[in-house]
Amino acid sequence: LSTFYPDFLNTVRHYSLANASFMTSVMGTIAIFSAPAGGYLSDRLGSRKAVIIGPFILWSIVLLFPFTLSGWAIPVLMVASGILGGSIAPVSLAAVPEIVPPQHVGIALGVVAFGQNLGMFAGPALFGWIVETTSWATAGYMLIPVCVVAIIATSLAKIR
């Protein structure tokens, strides 16, 4: 969302590029706090799965709206997105040592980082192509199956 939402706000909602970028940066600013909070919560609950699956379930719902919202709902979306998205990566990384033997943690973390970077490389290009061939809203809806795959994969993972 952070990659292409400034463009959406600029071209469709007619925000200045500076305001569109600032609005989207709210998501990352909130994630500064939600990332460690997610790690703390996963330790307190004793469940990494819950702290990964919960936000992905909520993201599946949130992705119905980002390209149909306007006005006050956009900053609310950015705050919610920062809260939801901030905890997923650190908790996922914390789960790696629970899955692999200690001597393979380094390569396992490398595989996770590879997957994340691959998604950040291919995702925006694919999303842009979908926007060009359909619409912003449809491209957003196409992210929901990605969340469903993440939910299934996490539920099948042998982590606490």
Side-chain angles (χ1 to χ4, degrees), residues 1-9 21-67 69 74-131 136-160:
L1 193 61
S2 61
T3 304
F4 35 79
Y5 209 63
D7 189 44
F8 167 79
L9 292 176
S21 297
F22 173 77
M23 185 59 58
T24 306
S25 75
V26 167
M27 187 172 24
T29 304
I30 297 296
I32 291 170
F33 302 99
S34 66
Y40 176 79
L41 187 60
S42 78
D43 290 342
R44 295 288 289 170
L45 292 175
S47 174
R48 306 241 190 264
K49 282 186 183 187
V51 181
I52 296 170
I53 292 173
F56 272 120
I57 290 170
L58 293 172
W59 259 113
S60 298
I61 297 165
V62 167
L63 286 168
L64 295 170
F65 305 106
F67 302 103
L69 298 176
I74 292 172
V76 171
L77 170 74
M78 293 296 99
V79 170
S81 297
I83 292 169
L84 292 175
S87 65
I88 294 171
V91 175
S92 299
L93 291 169
V96 169
E98 296 177 8
I99 299 172
V100 299
Q103 67 270 23
H104 298 301
V105 169
I107 189 68
L109 287 169
V111 169
V112 171
F114 174 78
Q116 182 179 7
N117 288 316
L118 182 62
M120 291 184 335
F121 168 74
L126 181 59
F127 188 89
W129 177 79
I130 294 170
V131 168
W136 284 98
T138 302
Y141 302 150
M142 297 302 288
L143 295 173
I144 295 170
V146 175
C147 289
V148 171
V149 168
I151 291 166
I152 293 168
T154 303
S155 64
L156 295 173
K158 295 180 188 208
I159 58 174
R160 57 182 167 107

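The first residue of the sequence shown is numbered 1, and numbering continues consecutively from there.
- When the side-chain contact (heavy atoms from CB on, under 4.5 Å) test is applied to V76, the partners found at least two apart in sequence or on another chain are W72.
- The shortest non-hydrogen separation linking L93 to V112 is CD2-CG1, 3.6 Å.
- Pairs engaging residues 105-127 under the ring-ring contact (aromatic ring centres under 6.0 Å, His included) rule: F4-F127, F67-F127 [sequence neighbours left out].
- Few gaps surround CE on M23; more than 12 heavy atoms of other groups in view lie less than 6.0 Å from it.
- For L64, the side-chain contact (heavy atoms from CB on, under 4.5 Å) test picks out Y141, I144, with sequence neighbours left out.
- Going from atom CG of L77 over to atom CZ of F65 covers 10.0 Å, rounded to the nearest 0.5 Å.
- For the pair D7/W136, a side-chain contact is recorded, criterion being any heavy-atom separation below 4.5 Å from C-beta on.
- The distance from atom CG of L109 to atom OG of S92, rounded to the nearest 0.5 Å, is 11.0 Å.
- Heavy atoms only, all atoms of each residue included: A108 and V96 are closest at CB-CG1, 3.5 Å.
- Sorted by first and then second residue, the salt bridge (charged side-chain N to carboxylate O under 4.0 Å, His left out) pairs with a member in residues 74-100 read R48-E98, E98-R160; sequence neighbours excluded.
- At a threshold of 4.5 Å between non-hydrogen side-chain atoms, the residues V26 and P75 do not count as touching.
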Working for side chain to side chain contact (heavy atoms under 4.5 Å, CB included), residues L63 and V146: CA-CA 11 Å; L63 286 168; V146 175; over 6 Å; no
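- For the pair L69 and I74, the tightest heavy-atom approach, listed with the atom from each and the gap, is O-CD1, 3.9 Å.
- Looking at every heavy atom in both residues, S81 comes nearest to W59 through OG-CH2, 3.5 Å.
- Here L143 contributes atom CG and L1 contributes atom CG; the two are 8.0 Å apart, rounded to the nearest 0.5 Å.
- Under the 3.5 Å distance criterion, the side-chain polar atoms of S60 are left unmatched by any main-chain donor or acceptor of C147.
- To the nearest 0.5 Å, the span separating CD1 on I57 from CG on L84 amounts to 11.0 Å.
- Side chain of Y5 to main chain of M78: no donor-acceptor pair is present (N/O by atom type, distance under 3.5 Å, no hydrogens or angles).
- Applying the 6.0 Å contact sphere to CD1 of I107 captures no more than 12 heavy atoms from other residues, nucleotides or ligands.
- Scanning all heavy atoms of the two residues, the minimum distance from G86 to S34 falls at CA-OG, 3.2 Å.
- A pairwise comparison of heavy atoms in V51 and G38 identifies CG1-O, 3.7 Å as the closest pair.
- For I83, the side-chain contact (heavy atoms from CB on, under 4.5 Å) partners are I30, V79, not counting sequence neighbours.
- One distance of note links CD1 of I151 with CG of L156; it measures 12.0 Å at 0.5 Å rounding.
- Sorted by first and then second residue, the salt bridge (charged side-chain N to carboxylate O under 4.0 Å, His left out) pairs involving residues 137-159 (not counting sequence neighbours) form an empty list.
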